[in-house]
Amino acid sequence: MTEVTDVAGQDPIKVMVVDDHPMWRDAVARDLDASGFAVVATAGDGEQAVRRARAAAPDVLVLDLNLPAKPGVQVCKELVATNPALRVLVLSASGEHADVLEAVKSGATGYLLKSASTEELIDAVRRTAVGDPVFTPGLAGLVLGEYRRLASEPAPAAGADEPKAPQLTDRETEVLRLVAKGLSYKQIAERLVISHRTVQNHVQNTLGKLQLHNRVELVRYAIERGLDEA
């Protein structure tokens, strides 16, 4: 078995699985462990999930939405608020648009239906770990549409002493434009003929410069400035 390592290529990616069905939870954890991930914790309800995630510090949280004690979206919101670096992949039986959008707004990086194959799940967790948005086919367009709707809402008035927007490099702006168009990091790397790692670095640098926390905020920022139409 080959370990699936983090961005630095050293430590195995740490994953936590949260689902209230023991057989499903154990099967997902077993499949991920067999594929080289380090499954550092599991949980069967929302409150347990928050406690154990804070103690185990996973890189990726594979999260069901329908949980006892505390719903999955609340778990996601609380954990991402205290640790913006946490990547959350929702793994749900529901493909309802309202559930997908609520999950993304709560901080989820991606959304996969439980009908996905084991191979699709493993690939999704791997991509989620590096910040790529992963959605069951058909849901990515829904999320991008919601970004555009949010971006069309009036922004709060800027204060007179508000600092100017930070200057991005030409390459960072180029990457940001493609992010706003909904391209994955892999697609951006292929389009610009650069490495996947370089794309990640540009996105992280841009997030830092703009003082944003995640890709949801980044896409909204880009769409507000019309970069998705450029």
Side-chain angles (χ1 to χ4, degrees), residues 1-7 11-140 143 214 216:
M1 178 184 69
T2 303
E3 287 185 340
V4 182
T5 56
D6 61 11
V7 174
D11 300 319
I13 294 170
K14 296 184 294 181
V15 182
M16 177 174 172
V17 180
V18 181
D19 197 290
D20 63 330
H21 291 89
M23 288 182 63
W24 176 269
R25 182 176 66 242
D26 293 346
V28 170
R30 190 165 54 245
D31 287 342
L32 292 174
D33 180 72
S35 298
F37 296 96
V39 179
V40 293
T42 62
D45 66 57
E47 291 183 353
Q48 186 182 67
V50 171
R51 289 197 308 271
R52 292 186 179 177
R54 287 177 175 160
D59 301 309
V60 178
L61 184 69
V62 178
L63 177 69
D64 188 19
L65 293 181
N66 190 19
L67 298 172
K70 182 176 293 188
V73 289
Q74 187 61 33
V75 171
C76 181
K77 193 176 296 183
E78 289 183 23
L79 291 175
V80 172
T82 56
N83 179 17
L86 175 66
R87 311 295 190 189
V88 179
L89 174 66
V90 170
L91 184 61
S92 175
S94 170
E96 293 294 321
H97 290 183
D99 290 336
V100 178
L101 295 177
E102 190 176 12
V104 172
K105 289 175 184 177
S106 72
T109 309
Y111 196 107
L112 202 65
L113 295 181
K114 286 186 173 180
S115 56
S117 67
T118 301
E119 291 74 19
E120 288 171 327
L121 171 63
I122 291 166
D123 179 62
V125 174
R126 186 181 291 110
R127 290 171 55 199
T128 298
V130 297
D132 235 355
V134 182
F135 293 95
T136 291
L139 297 182
V143 175
N214 54 49
V216 174

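Model, not experiment: these values are computed from the prediction. All values below come from the heavy atoms of this structure, side chains included, with hydrogens, waters and symmetry mates left out.
- The CG atom of Asp45 sits 12.0 Å away from atom CG of Asp64, with the distance rounded to the nearest 0.5 Å.
- Nearest heavy atoms, Leu67 versus Gly72: CD1-CA, 4.0 Å.
- Using a 4.5 Å heavy-atom threshold, the side chains of Val125 and Phe37 count as touching.
- Remark: the backbone N or O of Ala57 is paired with a side-chain donor or acceptor of Lys14 at under 3.5 angstrom.
- We find the CG-CG distance between Leu91 and Leu112 to be 6.0 Å, quoted to the nearest 0.5 Å.
- With Gln48 contributing its side chain and Gly44 its backbone, the two residues share a donor-acceptor pair below 3.5 Å.
- Closest of all the heavy-atom pairs between Ala43 and Met16 is CB-CE, 3.7 Å.
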Output, in order, the C-alpha distance, side-chain angles, deciding distance and verdict of side chain to side chain contact (heavy atoms under 4.5 Å, CB included) for Val88 and Leu79.
CA-CA 9 Å; Val88 179; Leu79 291 175; 6.0 Å; no
Determine, step by step, whether Val18 and Thr42 satisfy the side chain to side chain contact (heavy atoms under 4.5 Å, CB included) criterion, reporting the C-alpha distance in whole Å, the side-chain angles of both residues, the deciding distance to 0.1 Å, and the verdict.
CA-CA 6 Å; Val18 181; Thr42 62; over 6 Å; no
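- Pairing each heavy atom of Val134 with each of Leu89, the nearest pair is O-CD1, 4.4 Å.
- Smallest separation of non-hydrogen atoms from Asp132 and Thr109: O-CG2, 3.6 Å.
- For Arg127 and Asp123, the salt-bridge test passes: some basic side-chain N is under 4.0 Å from an acidic carboxylate O.
- At a threshold of 4.5 Å between non-hydrogen side-chain atoms, the residues Trp24 and Pro22 do not count as touching.
- Atom CG of Leu65 sits about 12.5 Å away from atom CD of Gln74, to the nearest 0.5 Å.
- Contact record, Cys76 with Ala103: SG-O, 4.5 Å, taken as the closest heavy-atom pair.
- A salt bridge links Asp19 with Lys114: the distance from a Lys NZ or Arg NE/NH1/NH2 to an Asp or Glu carboxylate oxygen falls below 4.0 Å.
- For the pair Glu120 (side chain) and Ser117 (backbone), a donor-acceptor distance under 3.5 Å is present.
- Separation of atoms CG (Asp31) and CD1 (Ile122) is listed at 6.0 Å; rounding is to 0.5 Å.
- Between Asp20 and Arg25 there is no salt bridge, since no side-chain nitrogen of the basic residue lies less than 4.0 Å from a carboxylate oxygen of the acidic one.
- Here the straight-line distance linking atom CG of Asn83 with atom CG of Asp59 works out to 9.5 Å at 0.5 Å rounding.
- Two residues are said to be in side-chain contact when any heavy atoms from C-beta on lie closer than 4.5 Å; Val40 and Pro58 meet this criterion.
- No donor-acceptor pair closer than 3.5 Å links the side chain of Ser92 to the backbone N or O of Leu113.
- Between Ala129 and Ile13, the shortest heavy-atom distance links the atoms CB-CD1, 3.6 Å.
- A distance of 4.5 Å separates CG of Asp99 from OH of Tyr111, quoted to the nearest 0.5 Å.
- Side-chain atoms of Arg54 and Glu78, non-hydrogen and from C-beta on, do get closer than 4.5 Å to each other.
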